[in-house]
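Predicted, not measured: the structure shown is a model, and the values here were computed from it. Order of the sequence lines fixes the chain letters, A, B, ..., with proteins taken first and strands second; residue numbering starts at 1 for each chain.
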Amino acid sequence: MDIEIKLIEAVEEAVKKIYGQKAPEKAIQIQKTRKDFEGDFTLVVFPLLRVSKKPPEQTAEELGEYLKAHVDQVSDYNVIKGFLNLSINQKFWIEYLNTVAQNKNYGFISNKENPKTILIEYSSPNTNKPLHLGHIRNNLLGYSVANILETQGDKVYKVNLVNDRGIHICKSMLAWQKWGNEITPEKANKKGDHLVGDFYVQFDQEYKKEIQQLIDEGKSETEAKQNAPLILEAQEMLRKWEANDTEVRDLWKKMNDWVLKGFDITYENLGVDFDKTYFESETYKLGKELVLKGWEEGTFIKKEDGSVWADLTSDGLDQKILLRSDGTSVYMTQDLGTAHQRFNDYNANEAIYVVGNEQNYHFQVLKIVLGKLGFTWSEDLHHLSYGMVELPEGKMKSREGTVVDADDLLLEMTSTADEMSRELGKLEAYSEEERKQIIETIGLGALKYFILKVDPKKTMTFDPKESIDFNGNTGPFIQYTYARIQSLNRKAKDKGIHLPEEIKADVEVTNKELQLIKQIQSYPEALREAAKDFSPAQVANYVYDLAKEFNQFYHDHPIMSESDKAVSEFRLFLSNQVGRIIESGMGLLGINVPERM
RNA sequence: GGUCUCGUAGCUCAGUUGGAUAGAGCAACAGCCUUCUAAGCUGUGGGUCCCAGGUUCGAAUCCUGGCGGGAUCACCA
């Protein structure tokens with residue numbers, strides 16, 4: 001049983017025995033003792049003064065005395081103001097470490113009684129331009145959160161909804177048709193997504209010129225924007241697309257295919273994947289029936305022009321359009337439909353949408369509207385709203401060429417890792433192939449950790465001029481710690497020191513070693529919290545603390561050269577448990593750990 | 001203007017049901033490789049936790065108001 005739970009129960013019992021009443025609800029708070037104080041767990045006694053009717057120090061003394069006498073694991077206690085610090089005996093910690101070693105998936109919940117089925121939608125790119133740094137954050141978050149949720153024993157499905165239709169897609173198609181000269185990714189020797197993205201940019205440039213020309217001819221800006229020949233042509237193309245015009249559809253298929261192939265490469269390099277990919281071209285008509293039904297049932301209102309609206313004024317929001325006056329769908333309509341379809345397809349208990357915080361309002365409305373339609377599962381729909389990635393100067397703007405391209409960044413990370421390793425004189429002894437693999441692991445690890453260590457909700461800053469660090473609170477730091485541990489294992493093999501299956505409780509243990517075990521003990525809780533908050537950052541920060549703690553231990557605890565065999569084996573054993581958790585935690589972040597670096 | 005959100009060291013960030021003296025990394029400076037990987041370890045300096053009230057034994061954390069930044073409020077997606 002969890003030691004914390006055991007302590008809480010013991011305190012409950014103590015309060016009853018000593019003060020003759022039940023402790024008030026939630027009054028028993030057990031937390032980890034802060035490092036600067038003696039002890040392992042701390043009971044905050046202030047909330048208990050109501051029943052003890054005695055000063056804090058005295059209450060703490062009485063409870064401490066009782067716990068020491070009645071709980072095996074409590075070896076000692078001390079009182080500082082209203083804080084009762086409890087020390088847990090070494091036997092408990094060593095035994096705990098032994099159970100960790102035996103548990104293949106330590107920290108993970110398996111065989112949960114009623115596992116949930118959770119859908120997580122992430123990535124969801126547009127097929128008109130390549131992925132950039134913002135998408136990287138989305139992809140890494142989605143992939144990692146899926147992993148983290150699975151540790152809690154639930155079934156998670158990762159889905160991608162590709163936005164492959166609409167006016168923005170027609171823009172790049174039209175530009176290619178006009179100025180592309182039948183170029184293909186092969187001929188241009190360029191990834192398809194980049195090639196198509198170039199045409200999207202070109203469209204925008206030419207469109208701007210036309211607008212300027214119309215303005216010069218005396219038209220208003222709005223008028224110019226609406227009447228520029230290029231936009232009219234693009235709109236015409238969209239109409240043809242919707243009418244299933246063969247020529248347009250063929251071009252659309254061809255160019256989307258280029259882009260999707262490009263995305264596949266980026267996804268693979270990033271190390272993310274999906275259980276299913278949906279295409280908006282196949283789902284964009286969903287939702288209309290739901291809306292019409294809602295109107296018939298009086299949930300929505302129809303205006304004179306025929307458009308259908310949800311009135312959300314009673315929820316403190318505005319009115320929201322659901323069907324245009326011509327009867328066609330809007331974004332919200334589609335999302336209503338896809339949400340409904342998803343919950344049915346998978347018989348899901350929860351759905352998570354990894355979407356930037358600029359769409360907070362949209363998801364707020366989506367939930368309310370689904371609720372109004374009578375779907376009780378609207379409560380189980382979560383928007384994992386993440387903050388934008390900004391440059392030091394502010395937002396990334398594609399038009400100003402300040403976007404950080406995903407593929408470029410990945411390449412750059414590897415070459416930085418390469419430079420670093422050369423500077424440090426590492427990896428010289430290894431084959432070219434192994435070297436390449438290691439620097440990729442490190443470069444990618446640096447990037448992923450850099451992004452995932454930040455609380456998803458927060459806007460984060462990325463400075464492309466300063467390359468991502470490899471020292472300190474970084475991915476490579478943690479990877480390095482892991483590599484050190486593997487190096488220990490290799491050395492141990494050479495020296496004939498074997499890794500014991502378990503440790504005897506009477507081995508000599510230092511404070512630092514106990515601290516490490518305590519840090520290990522926090523792993524399951526860290527995962528629970530991370531899953532609850534959809535926050536890989538909490539896993540990242542946990543693993544960092546563990547690695548930092550280990551490096552301190554490593555620095556002043558000889559392992560191979562320790563003369564006491566039992567101590568030497570214990571340290572090797574402890575190191576291996578740390579290594580396993582680093583590998584596990586980093587794995588949840590989608591970061592690999594190298595055997596050497 | 002309405003709604004939402006953020007504000008912690010020079011910079012990037014931790015700090016989770018309110019708990020003890022607010023922590024890391026980077027950058028700066030000073031040390032530690034004849035000893036298991038120095039991508040490491042140790043130390044120094046650096047704080048009005050945006051401001052003002054309130055709640056309480058106790059507030060970076062909760063409430064109210066203000067200041068500052070961001071997002072959003074389309075018959076776009």
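- Nearer to the 5' terminus of RNA chain B, by closest-nucleotide assignment, is the contact made by Thr459(A) (compared with the other of Lys395(A) and Thr459(A)).
- Checked against the 6.0 Å centroid threshold, Trp241(A) and Tyr284(A) count as a close aromatic pair.
- Here the C1' atom of nucleotide U12(B) and the OH atom of Tyr449(A) are 12 Å apart, to the nearest Å.
- Within 4.0 Å of Glu280(A), counting heavy atoms only, lie sugar-phosphate atoms of the nucleic acid but no base atom.
- Under the Watson-Crick and G-U wobble criteria, each requiring two contacts below 3.5 Å, nucleotide C4(B) is paired to G70(B).
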I need a per-nucleotide contact map over nucleotides 34-41 of chain B, read 5' to 3'. Cutoff is protein heavy atoms under 4.0 Å; write B for the base, S for backbone only, - otherwise.
--BBSBSS
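- At a threshold of 4.0 angstrom between heavy atoms, the contacts of Pro55(A) with the nucleic acid are absent.
- Protein atom CG of Asn473(A) is 12 Å distant from nucleotide atom C1' of G23(B), rounded to whole Å.
- Comparing the P positions of G23(B) and C6(B) gives a spacing of 24 Å, expressed to the nearest Å.
- Applying the 90° cutoff around 0 to the glycosidic angle, C33(B) is assigned syn.
- Atom pair Lys465(A):NZ and C11(B):C1' shows a separation of 14 Å (rounding to whole Å applied).
- Atom pair Leu323(A):CG and A74(B):C1' shows a separation of 16 Å (rounding to whole Å applied).
- With G25(B), G19(B), A77(B) as the choices, the nucleotide that has an atom nearest any side-chain atom of Tyr544(A) turns out to be G25(B).
- A14(B): no Watson-Crick or G-U partner with both key distances under 3.5 Å is found in any strand.
- Mapping Asn85(A) and Ser307(A) onto RNA chain B via the closest heavy atom, the residue that lands nearer the 5' end is Asn85(A).
- Residue Arg528(A) places no side-chain N or O under 4.0 Å from the OP1 or OP2 atom of U17(B).
- To the nearest angstrom, P of G15(B) lies 7 Å from CG of Asn541(A).
- Note on Glu358(A): only backbone sugar-phosphate atoms sit closer than 4.0 angstrom, heavy atoms only; bases stay farther off.
- Contact check on Arg165(A) versus Glu242(A) returns a salt bridge, with a Lys/Arg side-chain nitrogen under 4.0 Å from an Asp/Glu carboxylate oxygen.
- Across all strands shown, A38(B) forms no Watson-Crick or G-U wobble pair with both distances under 3.5 Å.
- Shown here, C33(B) forms no base pair; nothing in the strands shown gives a Watson-Crick or G-U wobble contact with both key distances under 3.5 Å.
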Test side chain to side chain donor-acceptor pair (under 3.5 Å) on Thr42(A) and Thr33(A); report intermediate values, then the result.
CA-CA 5 Å; Thr42(A) 294; Thr33(A) 303; 2.7 Å; yes
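- A tilted orientation is assigned to the rings of Tyr544(A) and Phe477(A), their planes being inclined by 30° to 60°.
- The nearest whole Å value for the distance from the CG atom in Asp463(A) to the P atom in C13(B) is 11 Å.
- Checked against U72(B), G70(B), A20(B), the side chain of Thr33(A) finds its nearest nucleotide in A20(B).
- The distance from atom OH of Tyr353(A) to atom P of A77(B) is 17 Å, rounded to the nearest whole Å.
- For the pair Arg342(A) and Tyr278(A), the cation sits on the ring face: its NZ or CZ lies under 6.0 Å from the ring centre, inside 45° of the axis.
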Quick one, Asn160(A) with Thr277(A), criterion side chain to side chain donor-acceptor pair (under 3.5 Å). Give me CA distance, side-chain angles, the key distance, then yes/no.
CA-CA 5 Å; Asn160(A) 189 2; Thr277(A) 298; 4.6 Å; no
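- A distance of about 11 Å separates the P atoms of C13(B) and G7(B), rounded to the whole Å.
- Base contact: Thr42(A) has a heavy atom under 4.0 Å from a base atom.
- Rounded to whole Å, the separation between the P atoms of G69(B) and G58(B) comes to 35 Å.
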Assess the residue pair Phe553(A) and Phe550(A) against the criterion (ring-ring contact (aromatic ring centres under 6.0 Å, His included)); give the C-alpha distance rounded to whole Å, side-chain angles, the decisive distance to 0.1 Å, and a yes or no.
CA-CA 5 Å; Phe553(A) 153 81; Phe550(A) 178 82; 5.5 Å; yes
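- Pairing each heavy atom of Ala531(A) with each of Gln152(A), the nearest pair is CB-CG, 3.5 Å.
- Using P as the reference atom, U17(B) and U61(B) are 13 Å apart when rounded to the nearest Å.
- Look at the P atom in both C62(B) and A20(B): the space between them is 15 Å, to the nearest Å.
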Polar-atom pairs under 3.5 Å, protein N or O versus N or O of nucleotides 5-8 of chain B: list them with distances, or write none.
residue : atom : partner   : partner atom : Å
G7(B)   : OP1  : Lys458(A) : NZ           : 3.3

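- Under the side-chain hydrogen bond (donor to acceptor under 3.5 Å, both in side chains) rule, Ser281(A) has a single partner from Asn256(A), Asp164(A), Thr127(A), which is Asp164(A).
- Stacking is not found between Tyr361(A) and the pyrimidine-like six-membered ring of the U3(B) base under the 5.5 Å centre-distance and 30° plane-angle cut-offs.
- To the nearest whole angstrom, the two P atoms, one in U5(B) and one in U64(B), are 11 Å apart.
- We find that CZ of Arg34(A) is positioned 11 Å from P of G19(B), with the value rounded to whole Å.
- Ring centroids of Tyr200(A) and His168(A) are separated by 6.0 Å or more, keeping the two rings apart.
- Salt bridge absent: Arg528(A) and Glu525(A) never bring a charged side-chain N and a carboxylate O closer than 4.0 Å.
- As rounded to the nearest Å, G15(B) and A52(B) have C1' atoms that lie 24 Å from one another.
- Note on Val454(A): only backbone sugar-phosphate atoms sit closer than 4.0 angstrom, heavy atoms only; bases stay farther off.
- Donor-acceptor pairing under 3.5 Å, judged by distance alone, is absent between the side chain of Asp335(A) and the base of A77(B).
- Checking Tyr331(A) against Gln359(A) by side-chain atom types alone, a donor-acceptor pair falls below 3.5 Å.
- The phosphate of C57(B) (OP1 or OP2) has no side-chain N or O of Arg50(A) nearer than 4.0 angstrom.
- On the C1' atoms, C73(B) is 42 Å away from A27(B), given to the nearest whole Å.
- With hydrogens and angles left out, the side-chain atoms of Glu513(A) and Thr510(A) include a donor and acceptor closer than 3.5 Å.
- Counting any heavy atom pair closer than 4.0 Å across all strands shown, Gln479(A) reaches no nucleic acid atom.
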